[in-house]
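Below is one structure, written out as structure tokens; comments come after it.
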Amino acid sequence: MKVVIIGGTTGGAGVAARLRRLGEKVQIAMIERNPYVSYAGCGLPYYAGGIVKNKDDLFVVDKAVFDKRFRVRVSTATRAVSIDRKEKCVYVKNLLLQADKVYYDKLVIATGATPIVPPFAKDKKGVFTLRTVEDAVGLREYIEKSGVTDALVVGGGFIGLEACENLWRQGLKVTLAEKAPQVMAVMDEDMAKYLHMELESKGVTLKLGVGVSDIAETADGKLNVTLDNGSTLSTGLVVLAIGVRPESTLAADCGLEVSERGFIVVDDTMRTSDPDIFALGDVVTVKGVPEDRLGTLALAGPAAKQARVVSSNLLLNEGEESKAKHFKGSLGVSIVRCFNLTAGSVGKTERFLAREGVKDVTSITVHTPHHVSWFETALPVHLKLVFNKVTGEVLGAQAVGQVSVDKNLEVISALMQKGATVYDLADFESAYAPPFSAPRSPVNMAGCVAANVVDGLIETVNCADLEKFDKDKTVFLDIREKEEFEAGSIPGFINLPMEKIREEITCERLDPDKTYVLTCQVGVRGYTAACILRGYGIKAYNLNGGYVSYQVYSRKLKCERDA
């Protein structure tokens, strides 16, 4: 059997390597338009920033390895120009424009995606994307040779944040423009604000809620950028990180089913509308995945999993459909480093679920040390859990912190893949020793707090909802100690240390006809105080995340003051 693979990065290279392990006698050919295969695209910003010193470190496996170890015939610097499904061949051209035909029994399309570049930004000196090794090399050389001192990054997603950090490490003054009102669309605004604070603390100028409408070269070698609010700024270079679009022209031109957004449509076995053609990676949308999973996403992890599915299913004979492997979709677990912070998410955001009209959705936020507070320096993990308040089903999670973010999100991701509820998070058994965690990890704490909500033991309220309470019918209590309260408090809250609450109740100094909103530092003592009030029949809410959440919520950043 002859298998031809178009594309030699994560998806295509993964198919080639595993297919050889599964079938020694399969003839495998891989066509790659770049002069190399299998490179670490996620490392490109870090090469541009000088953290990855050697360009060769970006290459995972080279052409020679594919030839000698896997017996895969690799054609680099060769472009697939069309697919003839009737003749079952791919027309290709190399750098010398020499044409050829490559015949197949089975074809795999792993062409990936290409960066979105608006017409006004094309072919402008000093404007870069970060998708290929050449992009990263060009950006690094431009910084080193041109003497630029400032840069504009357009787009606040993964690549945009990584570009900000790495340009800053090169000594440039950085501005970040993002069309949305926040960075990192995979997070809710209350969690993204931690990243806003970190960016501004490093001197990055944030321009949120504004995009770019024009880029013009100036006589002195600078770039004059016009924002869509009419303002302009001058900068030495621009990095565009506003998204990608699938490279699906080959598929569309040969009549394969393509979605309205341009993705190649595949089923969960990764087959296209032609049973002899498979596709995977950034170029596809997978139909038939569960409703709580994603079928379209541009991440290397899911592409690698799809490669396992494709390589197995390529070897199936007619009538062996029951043996097919299936891609179950992705929860979209993702993570990014932003200077000293790590931020990540899994599943759906509260904002997305509200927009979709999903009922019974709520969230809690915990601020928990990454290990026991008494051991060395305990650093906080800010963890938000989104869940169904009736069934307890975990719908998503987001976390920010300096350490331990990845392991906590990975635990939640693993549990969500098995249909986890908040009780599963509360019951999860973590590896405890003082240097690593606490008897209750951040995952456990989030699960316990959420379980209390589902069980009806506590009602929580978010910072944004405080102003909705009737001031004449509500008492706002800060139940921290006097010294904590005097060091900083929420306007409108009065101080009543928790140890005095029972005394106030028994002396009838608390009005049972009023509603009480409680806060402490992070919400733990507030829950205890709410339980006390509840025991006496008094209506009480606990502020989600306590005073720590309010500090972040109420902090006005420069980008907000300038808006």
Side-chain angles (χ1 to χ4, degrees), residues 5 7-17 30-70 72 74-78 95 110 112-115 125-151 153 155 157-174 202 204 236-241 244 281-282 298-301 303-304 307 334-342 406:
I5 303 168
T9 54
T10 300
V15 171
M30 187 159 59
I31 301 165
E32 171 57 50
R33 64 183 178 182
N34 288 308
Y36 45 79
V37 292
S38 193
Y39 67 94
C42 296
L44 299 179
Y46 299 101
Y47 176 79
I51 294 176
V52 176
K53 303 295 184 185
N54 190 336
K55 180 184 71 173
D56 292 340
D57 291 339
L58 295 172
F59 300 108
V60 182
V61 180
D62 62 17
K63 181 177 178 179
V65 170
F66 272 107
D67 179 24
K68 295 178 181 179
R69 183 182 303 172
F70 296 108
V72 173
V74 179
S75 300
T76 53
T78 302
L95 284 177
T114 186
K125 184 178 180 181
V127 177
F128 297 88
T129 57
L130 278 172
R131 188 69 179 181
T132 67
V133 174
E134 289 82 4
D135 291 337
V137 170
L139 176 56
R140 183 159 152 178
E141 290 180 348
Y142 192 80
I143 294 171
E144 292 171 350
K145 296 178 181 179
S146 68
V148 295
T149 58
D150 49 17
V153 176
F158 298 99
I159 298 298
L161 292 185
E162 291 167 351
C164 283
E165 177 183 343
N166 284 284
L167 292 171
W168 178 85
R169 291 186 185 281
Q170 291 280 46
L172 276 63
K173 180 173 175 54
V174 181
K202 295 299 186 292
V204 175
L237 66 87
V238 173
V239 174
L240 294 175
V244 296
D282 299 0
L299 292 172
S334 54
I335 198 162
V336 68
R337 188 177 81 177
C338 180
F339 296 97
N340 294 329
L341 286 183
T342 302
D406 52 344

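Just so it is clear, the values below take in all heavy atoms, side chains as well, and ignore hydrogens, waters and symmetry mates. Note that the coordinates shown come from a computational prediction; the quantities given were computed from them, not determined experimentally.
Between Leu58 atom CG and Ser38 atom OG the span is 11.5 Å, to the nearest 0.5 Å. Here the straight-line distance linking atom CD of Glu32 with atom OG1 of Thr78 works out to 9.0 Å at 0.5 Å rounding. Of the inter-residue distances, the one linking Gln170 atom CD with Ile143 atom CD1 reads 5.0 Å to the nearest 0.5 angstrom. Considering CG of Leu161 and SG of Cys338, their distance stands at 5.0 Å, rounded to 0.5 Å. Note that the CG atom of Leu167 and the CZ atom of Phe128 stand 10.0 Å from one another [nearest 0.5 Å]. Rounding to the nearest 0.5 Å gives a distance of 7.0 Å between CZ of Phe339 and CZ of Arg169.
Residues Val244 and Pro115 approach most closely at CG1-CA, 4.0 Å, considering heavy atoms. Closest of all the heavy-atom pairs between Gly14 and Ala307 is C-CB, 3.9 Å. Smallest separation of non-hydrogen atoms from Lys63 and Val74: CE-O, 3.1 Å. Heavy atoms only, all atoms of each residue included: Thr10 and Ala304 are closest at CG2-N, 4.2 Å. Closest approach of Ala17 and Phe66 over heavy atoms only: N-CE2, 4.4 Å. Gly11 and Ala110 make their closest contact through C-CB, 4.3 Å (heavy atoms, listed as atom of the first residue, atom of the second, distance).
Partner of Asn166 under the side-chain contact (heavy atoms from CB on, under 4.5 Å) criterion, chosen from Ile51, Leu139, Leu172: Ile51.
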Evaluate side chain to side chain contact (heavy atoms under 4.5 Å, CB included) for Asp62 paired with Val37, printing each intermediate quantity in order. CA-CA 6 Å; Asp62 62 17; Val37 292; 5.7 Å; no

Give the C-alpha distance, both sets of side-chain angles, the deciding distance and a yes or no for side chain to side chain contact (heavy atoms under 4.5 Å, CB included) between Asn34 and Val133. CA-CA 9 Å; Asn34 288 308; Val133 174; over 6 Å; no

Given side chain to side chain contact (heavy atoms under 4.5 Å, CB included), test Tyr39 with Leu44 step by step and report yes or no. CA-CA 9 Å; Tyr39 67 94; Leu44 299 179; 4.3 Å; yes

Take Leu240 and Val238, measure what side chain to side chain contact (heavy atoms under 4.5 Å, CB included) needs, and give me the verdict at the end. CA-CA 6 Å; Leu240 294 175; Val238 173; 4.0 Å; yes

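Ion pair Asp135/Arg140 not flagged as a salt bridge, since none of the NZ, NE, NH1 or NH2 atoms sits closer than 4.0 Å to an Asp/Glu carboxylate oxygen. Of the charged side-chain nitrogens involved, at least one lies within less than 4.0 Å of a carboxylate oxygen, so that Glu165 and Arg337 count as a salt-bridged pair.
Residues Thr132 and Tyr36 form a side-chain contact, since some pair of their non-hydrogen atoms from C-beta on lies under 4.5 Å apart. No side-chain heavy atom of Tyr47 sits under 4.5 Å from any side-chain heavy atom of Lys53. Glu134 places a side-chain heavy atom less than 4.5 Å from the side chain of Pro35.
Listed for the Asp150 side chain is a donor-acceptor partner under 3.5 Å among the backbone atoms of Gly236.
Residue Lys202 places its NZ atom among more than 12 non-hydrogen atoms of other residues, nucleotides or ligands, all under 6.0 Å distant.
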